[in-house]
Amino acid sequence: MFPEPPRYRKRRGRLYALIAVTLLTAIALVFTNLRSDRADLREFVDLAKVSTLEQEALAADFRDFLNFEIQGADRDRISTLFGGIETSIQNSLVDLAEVAVPASGANSEALFNEALEAWLAGSSALEAGLLAAADDAFSPIPIIAIDNALTEIRVGDRLYERFLLSVGDLRTDLEMDIGVMPLIAYAPSSGLVVSGEFLAAAVRGAGEVAAFHDVRVNQIELEPGFTGGDNDGVGVLAFTELVNTRVVVSNAGNLPETDLIVVVRVTTLADGLNVFNGQTTIPSLEPGASRTVEFFDIPVVEGITHQVLAIVTSVVDDIDTDNNTATLPFFVQAAS
């Protein structure tokens, strides 16, 4: 045999070196990808654990409400409970969507997302069904809607059970102890029989769940304030040429109100002379909330009794229109 020319030996050496570098690069890339996948999977599991602890607490509150509290509940309690559940689940879904879960965790991710989405859909539909049942005491439609919502919630419970089983299969890929995740069930499994008919009857028997409107003028205040004396039973202001008026309006109903018009009129009581007219709008007022509106630089006359009349426009179906109006007489002391 003839010896191999030097140039061929050099080419073969370069080829072997290239192959070696390629293999090492591939191995390093695989190792890096494995580390990255493991880190992403751990991030998903850690995030899921945080979410499950929050859902566990909310589910316990939810079950207690359906079993024991609903017959004495009001509309605000229902809105607060279901609003908290819906906000929590929506936040969890947003957080989970930002995690790049590797293929090994795809099944667990899908099951957990589906469980959250079923709980979200079920709780939203249940809230709507309960309020509809309270507002219409005779329609069977809310009962059907409540039963469907309970079914959706139970679907979420079953999906979560499957998620727990799937997480156990991730221990090898994670190379870490996952710990114990709580068993979560939104649907009551003990206590009273929870059904659409039972829940509809409960809210229909609770007088504070049905929708009602009641806006009112709570208080009228003056600046400067009263001196503490009186004139023929009317509170006295120290001598002034201008006063400011504050009117406190509240929403005593259980529905939010919008575009409430507040009107203030100041007259002299002796001759009915109108010395001031003003109005303003409150864009929105939530149930149980109050808002103070102010009117400035109202001209007044010394030595005369005046009266502030404050009116907040009534809304449709306001249950008490008498409290939409309030008056406050006052006497302006003469200059000394």
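Residues take their numbers from the sequence shown, with the count starting at 1. On a predicted model such as this, the values are computed, not experimentally measured, just so you know. All heavy atoms count here, side chains included; hydrogens, waters and symmetry mates do not.
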Are any of the side-chain heavy atoms of [X] and [Y] separated by less than 4.5 Å?
X: Asn67; Y: Phe65; result: no
X: Leu116; Y: Leu96; result: yes
X: Lys49; Y: Val45; result: yes
X: Leu273; Y: Thr267; result: no
X: Asn244; Y: Glu294; result: no
X: Thr227; Y: Leu237; result: no
X: Arg291; Y: Pro283; result: yes
X: Ser51; Y: Phe112; result: yes

What I want to check is whether the side chains of [X] and [Y] have a donor and an acceptor closer together than 3.5 Å.
X: Gln71; Y: Glu69; answer: no
X: Asp214; Y: Asn323; answer: yes
X: Glu54; Y: Ser88; answer: yes
X: Asp271; Y: Thr268; answer: yes

N/O donor-acceptor pair under 3.5 Å between [X] side chain and [Y] backbone:
X: Asn254; Y: Phe212; value: yes
X: His213; Y: Ala252; value: no
X: Glu302; Y: Ala335; value: yes
X: Asp147; Y: Thr151; value: no

If every non-hydrogen atom of [X] is compared with every non-hydrogen atom of [Y], which pair is closest and at what distance?
X: Pro224; Y: Leu242; answer: CD-O, 4.1 Å
X: Phe295; Y: Gln279; answer: CE2-N, 3.6 Å
X: Gly196; Y: Ile146; answer: CA-CG2, 3.5 Å

Proximity of Tyr186 and Tyr160 rings by center, below 6.0 Å | no

Arg204/Asp135 salt bridge by N-O under 4.0 Å criterion | no

